[in-house]
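Nothing fancy with the numbering, it's 1 onward along the sequence.
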Amino acid sequence: MESRPEKKARVDATAAEDGEKGPYFSLGGNTYKVYMSLHKENRTRLVAAMKAVGASGVIVLKGGEAVTRHDTDHEEIFRQESYFQWCFGVKEPDMYGSIDIDTGAACLFIPRMPETVEPWIGAIEPPESFKKRYDVDSVAYTDEVEKNITAAAASGHMVHVLYGMNSDSKNFAEPAALPSVPDEMKKKDLLFQVIANLRVFKTPAELALMKYVSNVSSAAHVDVMRNVRAGMGEFQMESLFNHYIYYRGGCRHTAYTCICACGPSAATLHYGHAGAPNDRKLSADDIALLDMGAEYHCYASDITCSYPVSGKFNDKQRIIYEGVLDAVKAVETAMKPGVSWPDMHRLAARCVLANLLKHGLLVGDLDEMDAANLGATFMPHGLGHLIGLDTHDVGGYLDADPKRIDEGPFGLKNLRTARVLQPRMCFTVEPGCYFVTKLIEKAQADPKLNRFLTPKIADYKNFGGVRIEDVVTVTDSGIENFTLCPRTMDEIESVMAGGSWPPEKDTAPWLKRQWATPVPSTTYTSWGQVTGRGTAEHNCHGTC
């Protein structure tokens with residue numbers, strides 16, 4: 001199959017219905033319009049921040065490259081490099097960009113395409129088209145980058161390139177090489193710290209876009225929730241989600257590999273990878289843990305819903321879900337500027353332990369459990385992470401930020417930032433409670449931990465786990481919650497029984513959900529007869 005060009009951003013100078021004019025990206029229909037002013041504002045912020053630390057000269061960024069699968073000519077679907085996207089919003093691969101710190105002028109460098117490729121990719125557009133589409137000051141070709149930037153350096157302009165380590169992946173941002181620019185005129189120890197920190201704090205335009213992505217993701221989760229049946233495969237839940245976000249929301253990409261973990265699968269935190277590819281068959285007594293998020297214009301959502309495949313919580317499921325929801329409520333009520341994110345992790349872990357203690361799975365003093373780090377046995381991951389252009393967004397552990405807390409191999413050590421909350425930060429809040437066989441066995445073998453465990457723990461072998469995950473932004477006084485999924489057990493059971501969503505009355509105002517017009521459900525072609533929840537066949541039977 002021949003490769004196809006990416007969908008081009010649209011230009012509409014008369015888009016008066018949403019009060020803004022200028023070029024924008026959209027897939028058409030009711031999909032969201034992302035105006036290029038979002039990226040122009042980001043460039044303005046970057047210039048101001050660089051000047052504030054005494055920098056001058058020119059910033060040069062390298063865009064993402066088109067890649068092929070292994071040794072074949074199959075071109076993978078392109079997704080832009082995130083720092084380049086933040087600055088320019090460009091969908092095409094193999095570009096460079098520069099920003100003059102003194103004047104703020106932005107230049108894109110596009111590949112010079114030979115006429116012979118037109119039959120495969122369509123008409124070759126001139127530089128002026130890209131200048132208009134992306135609202136930049138000038139456009140040149142990539143074979144001119146070296147000449148232009150070398151000339152700037154020769155005239156005394158320092159060249160700032162992007163280089164720094166991502167604290168999650170431990171990979172380094174790839175700087176523009178520019179071999180002709182003298183080393184003494186290249187600076188790569190400043191830009192990364194500045195731009196990564198700017199990405200932590202979202203503009204109003206970015207927050208509006210992230211609301212859209214979470215709205216689409218939430219609606220897709222509800223759609224899947226309505227259609228889950230025993231006998232389905234986990235991969236079918238992934239398929240329903242992926243279809244919904246693209247068909248209804250224009251989200252070609254998911255923000256990460258979908259985790260559709262049911263029953264014991266849910267004890268594998270990043271289930272869904274190539275070694276465990278959402279391939280288990282659902283049972284009626286399973287609890288489903290679905291961690292799935294859409295991506296639009298490279299901005300991510302990250303939402304987890306947990307619910308019974310049967311549509312009704314049994315006693316064991318109700319106990320564990322109650323504790324995790326308690327943690328969500330406690331954290332989202334406590335979040336506000338000035339609060340330490342590690343303190344929120346500790347609060348969540350304590351809520352989970354308190355619930356297990358309440359229901360007889362644990363015995364002893366809660367403070368002593370905290371001191372022994374027992375919470376890491378049941379919640380080995382961090383409470384949540386920054387989110388934006390990447391699911392695990394940058395800025396977690398920059399040079400000026402609090403350092404990672406090293407308290408054993410699990411729990412707080414896996415917290416992806418230790419920062420103090422400030423307005424316009426976006427986080428996931430994702431407490432969980434899991435029965436991971438290896439961790440339970442290690443706790444049983446450790447006298448410091450075993451004294452808290454009761455024989456009732458054995459009843460939860462192969463249970464899996466529960467996680468609830470919201471996308472929130474910090475405001476001046478608290479948070480706004482962008483996630484619009486059923487969260488209380490009554491809400492979940494109602495929706496799974498065919499009840500309406502969003503609800504007529506919000507019975508959980510403490511979630512601070514920012515209600516929006518729901519994305520309409522998808523109508524699927526029938527692919528089986530349904531006689532009731534729990535049957536092996538599946539059909540939307542009018543609920544989706």
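Residues satisfying the side chain to side chain donor-acceptor pair (under 3.5 Å) test with Asn197, not counting sequence neighbours, are Arg419.
When only modelled atom types and interatomic distance are considered, Thr72 and His74 share no side-chain donor-acceptor pair under 3.5 Å. For the residue pair Glu238/Asn278, the side-chain donor-acceptor check at 3.5 Å is satisfied. If you check the side chains of Asp291 and Tyr256, you find a donor sitting under 3.5 Å from an acceptor. When only modelled atom types and interatomic distance are considered, Glu20 and Ser37 share a side-chain donor-acceptor pair under 3.5 Å.
Rounding to the nearest 0.5 Å gives a distance of 9.5 Å between CG of Leu511 and OG1 of Thr483. Distance CG/Leu191 to NE2/His160: 8.0 Å, rounded to 0.5 Å. The CD atom of Glu41 lies 4.5 Å from the OG1 atom of Thr203; values are rounded to the nearest 0.5 Å. In this structure, Trp510 CH2 and Thr333 OG1 are separated by 7.5 Å, a value rounded to the nearest 0.5 Å. Note that the OG atom of Ser306 and the CG atom of Leu290 stand 8.0 Å from one another [nearest 0.5 Å]. The distance from atom CE of Met210 to atom CZ of Phe482, rounded to the nearest 0.5 Å, is 6.5 Å.
For the pair Arg252 and Tyr246, the cation does not sit on the ring face, since its NZ or CZ is not both under 6.0 Å from the ring centre and inside 45° of the axis. Figure legend: Arg199 and Tyr83 shown as a cation-pi pair, the cationic atom lying under 6.0 angstrom from the six-membered ring centre and within 45 degrees of its axis. Both tests do not hold together for Lys33 against Phe25: distance to the six-membered ring centre under 6.0 Å, angle to the ring axis within 45°.
Ionic pairing of Lys187 and Asp189 is present here: one or more N-O contacts between side-chain nitrogen and carboxylate oxygen are shorter than 4.0 angstrom. Electrostatic pairing of Asp470 and Arg487 counts as a salt bridge here, judged by a charged N lying under 4.0 Å from a carboxylate O. A salt bridge does not link Asp343 to Arg350: none of the charged nitrogens lies less than 4.0 Å from a carboxylate oxygen. Between Glu480 and Lys211 there is a salt bridge, since a side-chain N of the basic residue sits under 4.0 Å from a carboxylate O of the acidic one. Ion pairing between a basic and an acidic side chain is recognised when a charged N comes within 4.0 Å of a carboxylate O; Glu76 and Arg69 show such pairing.
Nearest heavy atoms, His253 versus Ile245: O-CD1, 4.0 Å. In terms of heavy atoms, Leu207 sits closest to Cys426 at CD2-SG, 3.5 Å.
Remark: the backbone N or O of Val471 is not paired with any side-chain donor or acceptor of Asp302 at under 3.5 angstrom. Under a 3.5 Å cut-off, the side chain of His221 and the backbone N or O of Met292 do form a donor-acceptor pair. Within the 3.5 Å criterion, the main-chain N or O of Leu484 finds a donor-acceptor partner in the side chain of Ser218. Side-chain N or O atoms of Gln80 include one that pairs as donor or acceptor with a backbone N or O of Val90 at under 3.5 Å. Looking only at distances, no side-chain donor or acceptor of Thr257 sits under 3.5 Å from a matching main-chain atom of Gly272. Looking only at distances, no side-chain donor or acceptor of Glu118 sits under 3.5 Å from a matching main-chain atom of Glu115. Put simply, the side chain of Thr428 never gets that close to the backbone of Glu430: no donor and acceptor are under 3.5 Å apart. A side-chain donor-acceptor contact under 3.5 Å links Arg424 to the backbone of Lys202. With hydrogens and angles ignored, the 3.5 Å screen pairs a side-chain donor or acceptor of Asp137 with a backbone N or O of Ala106. A donor-acceptor pair under 3.5 Å links the side-chain atoms of Gln193 to the main chain of Asp399, judged by distance alone.
Tyr24 has its side chain out of reach of Val34: every pair of non-hydrogen atoms, C-beta onward, lies at least 4.5 Å apart. Between Leu415 and Arg404, every side-chain heavy-atom pair lies at or beyond the 4.5 Å cut-off. Ile99 has its side chain within reach of Val47: a pair of non-hydrogen atoms, C-beta onward, lies under 4.5 Å apart. Side-chain atoms of Trp341 and Val420, non-hydrogen and from C-beta on, never get closer than 4.5 Å to each other. Residues Cys258 and Phe241 have side chains in contact (heavy-atom distance under 4.5 Å, counting atoms from C-beta outward). Annotation: side chain of Thr142 is not in contact with side chain of Asp94 (no heavy-atom distance under 4.5 Å). In this structure, the side chains of Phe201 and Arg45 come closer than 4.5 Å at one or more pairs of heavy atoms. With contacts defined as side-chain heavy-atom distances shorter than 4.5 Å, the pair Ser169/Asn166 qualifies.
Between Tyr434 and Phe378, the gap from one ring centroid to the other reaches at least 6.0 Å. Remark: aromatic rings of Tyr96 and Phe109 are distant, center separation not under 6.0 Å. For an aromatic pair to be called close, the ring centres must be under 6.0 Å apart, and Tyr296 with Tyr212 satisfies this. For His39 and Phe88, the gap between ring centers reaches or exceeds 6.0 Å.
The neighbour count for Asp102 CG, taken as heavy atoms of other residues, nucleotides or ligands under 6.0 Å away, is above 12. Annotation for Asp476: atom CG does not count as buried by contact number, only 12 or fewer foreign heavy atoms lying within 6.0 Å.
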Enumerate donor-acceptor pairs with a distance under 3.5 Å from any side-chain N or O in residues 173-185 to protein atoms, sequence neighbours excluded.
from	atom 1	to	atom 2	distance (Å)
Ser180	OG	Glu146	OE2	2.9

Should Gln422 and Val474 be marked as a side-chain contact (heavy atoms from CB on, under 4.5 Å) after you check the CA-CA gap, both sets of side-chain angles, and the distance that decides it? CA-CA 6 Å; Gln422 297 180 57; Val474 182; over 6 Å; no
Verify side-chain contact (heavy atoms from CB on, under 4.5 Å) between Val394 and Leu386, making sure each step is shown before the conclusion. CA-CA 7 Å; Val394 296; Leu386 295 163; over 6 Å; no
Test ring pair (Phe, Tyr, Trp, His ring centres under 6.0 Å) on Phe427 and His385; report intermediate values, then the result. CA-CA 5 Å; Phe427 283 90; His385 49 81; 8.8 Å; no
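If you run side chain to side chain contact (heavy atoms under 4.5 Å, CB included) between Glu125 and each of Met113, Lys132, Arg133, only Arg133 comes through. Of the listed residues (Glu65, Glu295, Glu92), just one forms a salt bridge (Lys or Arg N to Asp or Glu O under 4.0 Å) with Arg79, and that residue is Glu295.
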